[in-house]
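These figures come from a predicted structure and were not determined experimentally. Basis for what follows: all heavy atoms, side chains included, without hydrogens, waters or symmetry-related copies.
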Number of protein chains: 2
Amino acid sequence: MHPYESIRTEMLRRINDQSWPAGFTLPREEDLADEFGVARGTIRRALASLSEAGLIERKRRAGTRVVDRRGHRSTLTIPIVRHEIEARGGRYGYQLICVDEAAASPLDPALFDGAPLRHVRCLHLSDGKPFQLEDRLINLDAVPEATDETFETISPNEWLVQRAPYSFIRTALRAERAHQIDQDHLGLEAGAPVFVIERQTRFRDAPLTAVRLSNRADEFEIITESGDLL
Amino acid sequence: MHPYESIRTEMLRRINDQSWPAGFTLPREEDLADEFGVARGTIRRALASLSEAGLIERKRRAGTRVVDRRGHRSTLTIPIVRHEIEARGGRYGYQLICVDEAAASPLDPALFDGAPLRHVRCLHLSDGKPFQLEDRLINLDAVPEATDETFETISPNEWLVQRAPYSFIRTALRAERAHQIDQDHLGLEAGAPVFVIERQTRFRDAPLTAVRLSNRADEFEIITESGDLL
DNA sequence: AATTTCAATATGTATAGACATATTGAACGC
DNA sequence: GCGTTCAATATGTCTATACATATTGAAATT
């Protein structure tokens, strides 16, 4: 075990047993370095790790404080559907439903304040069965190449990942009653639950795309594991 | 802008425009240091950041490779209900429903292979209205203090956060049709959708607790924003 | 062919010293 | 009182060097 790890473990202990209670300001890095008998860099390595994990907050001049834990943090990965399906051993299928019927979209075009938009609705299938319905708006000012793309054989999801780097994402996860379009394309009865992922991406303040992905609740879940410190 | 940031930006550019395609092995740190005219530490700082973001993978001796992007990663925080409710300006309320009726739990006791368990079911209210139903199993071997706790005034959630450090969490997010208990306690009709968070925590391989949190779908969503690099 | 051994190598960690810079809290002027 | 100025300070960054160590790929052995 490396010095910075044992130091981190000791710090964790102090946080857990309240020697360093929530809100407490830790000693300065140099003092900690003295206490533990290591260089400042090593202390910083330990603190960086705790900061990463969300247990402490660091601010210049103000010092390092123990965070008042307001929840569990974890990193979640929302997979590209095709990979998700193939990982489960299914055969991936893609089907375009319609293009440029934006009026029918469950997404709010106001997000793009007036920019010209492309609307795509398509279906991702697992072994020929509907798995995920995708409803997407694309900002043609930001991604002009999308004007000439028909999306007949490639899903906008994959098309965009290849082409458009983003700098900001906002993702919302919800449970919803199936909309009419969900019922039609995912083969659900009225009122059935769907798991909805809604995502907006921007690149330097320009909204690129917004998407609503709806999944049959009986076949979809998101799992995240975090084997933390200690 | 610091040197390591501009270097990271340039590396990002190379990844995005495929100069460094997925699977590509980057030059060694020292060569990069030469190329960019900085110390190795500065290169490491930039690479650490990209590694964090999941864009590259690093392995000793094997080098650094560009990851084949399989999805969007983001950090999500599942808040403690009380804070969630108060943040929305609601008045938090807590109500114990029953203790030690494990047979009725939607959770699988097999997770704890035979350890003695405590079962708690309770309700979190916002302005007196049901908001979240909590169904929890606690491993009494791992958290013996729970034997004498009645949970009449404090929720097991908060009680545990204070007491039991964990080293591993697994969280699952699902949309479900309301169970009978969801209908009864959240005031839902049969078939209504609920947003379910299921979490298991362990400490050094000992399962500590498992919990199912169900929320009215019409009042609950999880949002994560990640203002990434660039 | 299968297994073991082993040295080369790229990343990981630690040190120590220098400088940069956001923030704070106090002193100052209005 | 109220805003402004400014120096002190703790964290952030960078450099240069040394050593540690997991992995690999090839050579040696079974």
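Looking at residues two or more places apart in sequence or on another chain, you find a ring pair (Phe, Tyr, Trp, His ring centres under 6.0 Å) between A:Phe220 and A:Phe195. For B:Ser126, the side chain to side chain contact (heavy atoms under 4.5 Å, CB included) criterion is met by B:Ile85, B:Phe131, not counting sequence neighbours. Every residue was checked against the salt bridge (charged side-chain N to carboxylate O under 4.0 Å, His left out) condition with B:Asp127, not counting sequence neighbours, and none meets it. Residues that satisfy the ring pair (Phe, Tyr, Trp, His ring centres under 6.0 Å) test with B:Phe151, not counting sequence neighbours, are B:Trp159.
The CD atom of B:Glu57 sits 14 Å away from the C1' atom of C:dT11 (whole-angstrom rounding).
Pairs engaging residues 35-55 of chain A under the side chain to side chain donor-acceptor pair (under 3.5 Å) rule: A:Tyr4-A:Arg45, A:Arg8-A:Ser49, A:Arg14-A:Glu35, A:Glu29-A:Arg40, A:Glu29-A:Arg44 [sequence neighbours left out].
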Could you list, one pair per line, each protein nitrogen or oxygen that sits under 3.5 Å from a nitrogen or oxygen of nucleotides 9-13 of chain D, together with the distance?
residue : atom : partner : partner atom : Å
D:dT9   : O4'  : A:Arg61 : NH1          : 2.6
D:dA10  : OP2  : A:Arg28 : NE           : 3.1
D:dA10  : O4'  : A:Arg61 : O            : 3.4
D:dT11  : OP1  : A:Thr64 : OG1          : 3.1
D:dT11  : OP2  : A:Glu29 : N            : 2.9
D:dT11  : O2   : A:Arg60 : NE           : 3.4
D:dG12  : OP2  : A:Arg44 : NH1          : 2.8
D:dG12  : OP2  : A:Arg44 : NH2          : 3.3
D:dG12  : OP2  : A:Arg58 : NH1          : 2.7
D:dG12  : O4'  : A:Arg60 : NE           : 3.2
D:dG12  : O4'  : A:Arg60 : NH2          : 3.1
D:dG12  : O6   : A:Arg40 : NH2          : 2.7
D:dT13  : OP1  : B:Tyr4  : OH           : 3.1
D:dT13  : O4   : A:Arg40 : NH2          : 3.4

